[in-house]
Amino acid sequence: MDFINKRIKKLKAYAVPQVSEGEIKLDAQENPYPLPQEIRGKFSKILSKVELNRYPDPSYKRLKKLIGQYCGLSGDNILIGNGSDELILMLYLAAGGPGKTVSCPEPAFSMYRILSKITGTYYTAVKLDKDFKLPAGKILAIKPDIIFITYPNNPTGNCFEKDKIEKIISRSSALIVIDEAYYEFSGQTMMDYIKKYDNLVILRTFSKAFSLAGLRAGYIAGNKEIIKELRKVQLPYNVSIVNQELLEAVIKDRKVLLKTVKKLNAARDKLFKNLKKIKGVKPYPSRANYILIKLENIERVANSLKKNNIKVRHFESADLKNYLRVTVGTDKENRNFLEALKRAV
Ligand code: PMP
């Protein structure tokens with residue numbers, strides 16, 4: 001099949017193992033709590049009225065305005081996609097591609113690397129410094145065209161120092177992408193810097209704190225000029241009428257939807273404290289809804305978790321061989337995870 005690009009032939013399609021019955025799913029940083037009944041009722045009413053026979057508003061003006069308000073910006077500062085994954089692809093289409101370089105402090109979210117391969121963008125990983133600190137100087141030295149920084153970082157869970165991030169933004173001519181997928185958990189944001197720097201975009205998602213991973217929705221906030229350019233690589237009608245209508249309700253009712261954030265943050269801190277008490281287990285402090293853990297005996301732990309039907313995230317890279325990342329679940333799920341861990345170490 002010579003018609004397939006060589007760089008695509010080398011890849012493996014993205015795959016996730018199937019969820020089995022009764023499994024405790026702590027691998028994908030999802031919110032363990034389903035949508036509140038009150039929101040489900042609203043969604044049903046909306047869905048009964050949407051005009052599915054018509055194309056949606058391709059510029060989704062009302063929704064952009066609402067998300068803009070949530071970010072303290074205007075609608076012209078916002079671009080919406082089917083999850084932030086689609087938006088990352090759009091960033092690559094607009095600013096990456098053959099002959100371009102992307103740089104990313106690692107360990108990082110795997111999609112930055114995967115989409116660089118798909119789009120033929122040269123990917124340079126820069127190892128985080130000790131204690132997962134941001135190696136700003138090393139990233140700048142590469143002189144990349146795009147820089148991805150996750151804030152708080154996935155999978156390490158920490159927020160890098162703002163002054164180091166600002167150093168990168170102010171000294172680089174690259175497009176700087178600050179991925180704030182876990183913003184509602186951390187309460188930390190670089191959104192204010194958009195008014196100060198025109199090479200910065202913030203990426204966010206509805207998949208985590210908002211309990212809407214199944215909907216597939218995220219957005220980019222940036223200055224109007226960047227958004228105008230990015231819109232050129234957006235497919236027409238990329239935000240379905242269902243997503244547009246439901247997301248409007250989500251933004252209006254965000255206080256109800258985000259009630260679980262406080263509960264999950266408290267559960268995360270409790271889980272962290274309990275993990276610290278276990279010998280051979282080193283949890284890292286996190287500002288997000290997951291915890292990275294270093295283990296002395298990863299194989300025994302992995303077997304015990306598997307036996308107990310508990311799914312966590314393991315890593316292929318040699319640097320993270322002895323680590324796992326656990327998503328904060330319900331209190332019961334967290335207890336089950338702790339028990340299985342204690343039995344194994
Ligand atoms: N960015 C980061 C840092 C993530 O961890 C994830 C998902 N795990 C995403 C983006 C993708 O989210 P979405 O569901 O919006 O595609």
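As the structure lists them, so they are numbered: ligands from 1, and atoms in each ligand from 1. For the single chain, residues carry numbers from 1 onward in sequence order. Because the structure is predicted, anything quoted here is derived from the model rather than measured.
Remark: ligand 1 atoms within the under-4.0 Å shell around heavy atoms of Gly83 are 15 (O), 16 (O). The distance from ligand 1 to the heavy atoms of Lys208 drops below 4.0 Å at these ligand atoms: 7 (C), 8 (N). Residue Gln29 has at least one heavy-atom neighbour below 4.0 Å for each of these atoms of ligand 1: 8 (N). Interface atoms of ligand 1 facing Ser207, defined by a heavy-atom separation under 4.0 Å, are 13 (P), 14 (O), 15 (O). Residue-ligand proximity, Asn154 to ligand 1, at heavy-atom distances under 4.0 Å covers atoms 4 (C), 5 (O). Atoms of ligand 1 lying under 4.0 Å from at least one heavy atom of Ala181, given by number and element, are 1 (N), 2 (C), 3 (C).
Among all non-hydrogen protein atoms, the one lying nearest atom 1 (N) of ligand 1 is Asp179 OD2, 2.6 Å. Atom 10 (C) of ligand 1 has its closest protein heavy atom at Phe109 CE2, 3.3 Å. Taking atom 4 (C) of ligand 1 as the reference point, the nearest protein heavy-atom neighbour is Tyr182 OH, 3.6 Å.
In this structure, Arg204 forms a cation-pi arrangement with Tyr183, its terminal cationic atom sitting closer than 6.0 Å to the ring centre and no more than 45° off the ring axis.
In this structure the side chain of Ser207 reaches within 4.5 angstrom of the side chain of Arg216, judged on heavy atoms. Contact annotation: the side chain of Leu66 approaches that of Gln69 to within less than 4.5 Å [non-hydrogen atoms, C-beta and beyond].
The pair Lys25-Glu30 meets the salt-bridge criterion, with a side-chain N (NZ, NE, NH1 or NH2) lying under 4.0 Å from an Asp/Glu carboxylate O. Under the 4.0 Å criterion applied to side-chain N and carboxylate O atoms, Lys270 and Asp331 are not assigned as salt-bridge partners. Salt bridge annotation for Lys321-Glu316: absent, with no cationic side-chain nitrogen under 4.0 angstrom from a carboxylate oxygen. Salt bridge annotation for Arg113-Glu106: present, with a cationic side-chain nitrogen under 4.0 angstrom from a carboxylate oxygen.
Contacts of Arg216 with ligand 1, taken as heavy-atom pairs under 4.0 Å, involve the side chain alone. With a 4.0 Å cut-off on non-hydrogen atoms, Glu86 does not touch ligand 1 at all. Under 4.0 Å from ligand 1, heavy atoms of Asp85 appear from its side chain as well as its backbone. Of all the heavy atoms of Ser84, the ones lying under 4.0 Å from any atom of ligand 1 are found in both the backbone and the side chain.
Between the side chains of Thr156 and Asn158, at least one donor N or O lies within less than 3.5 Å of an accepting N or O.
Residue-to-ligand polar distances place Thr205 within reach of ligand 1: an N/O pair is separated by less than 3.5 Å. Of the N or O atoms in Thr150, none lie within a sub-3.5 Å distance of an N or O in ligand 1.
Contact analysis leaves Phe206 out of contact with ligand 1, as no non-hydrogen atom separation drops below 4.0 angstrom. Using a 4.0 angstrom heavy-atom cutoff, Met111 does not count as in contact with ligand 1.
Pairs of residues two or more places apart, or lying in two chains, that qualify as side-chain hydrogen bond (donor to acceptor under 3.5 Å, both in side chains) and include a residue from residues 301-312 are Asn308-Arg343.
Other residues, nucleotides and ligands place more than 12 heavy atoms under 6.0 Å from the CD atom of Glu161.
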Below 3.5 Å, can you tabulate the donor-acceptor pairs from side chains in residues 125-143 to any protein atom, sequence neighbours excluded?
from: Asp129; atom 1: OD1; to: Lys138; atom 2: NZ; distance (Å): 3.2

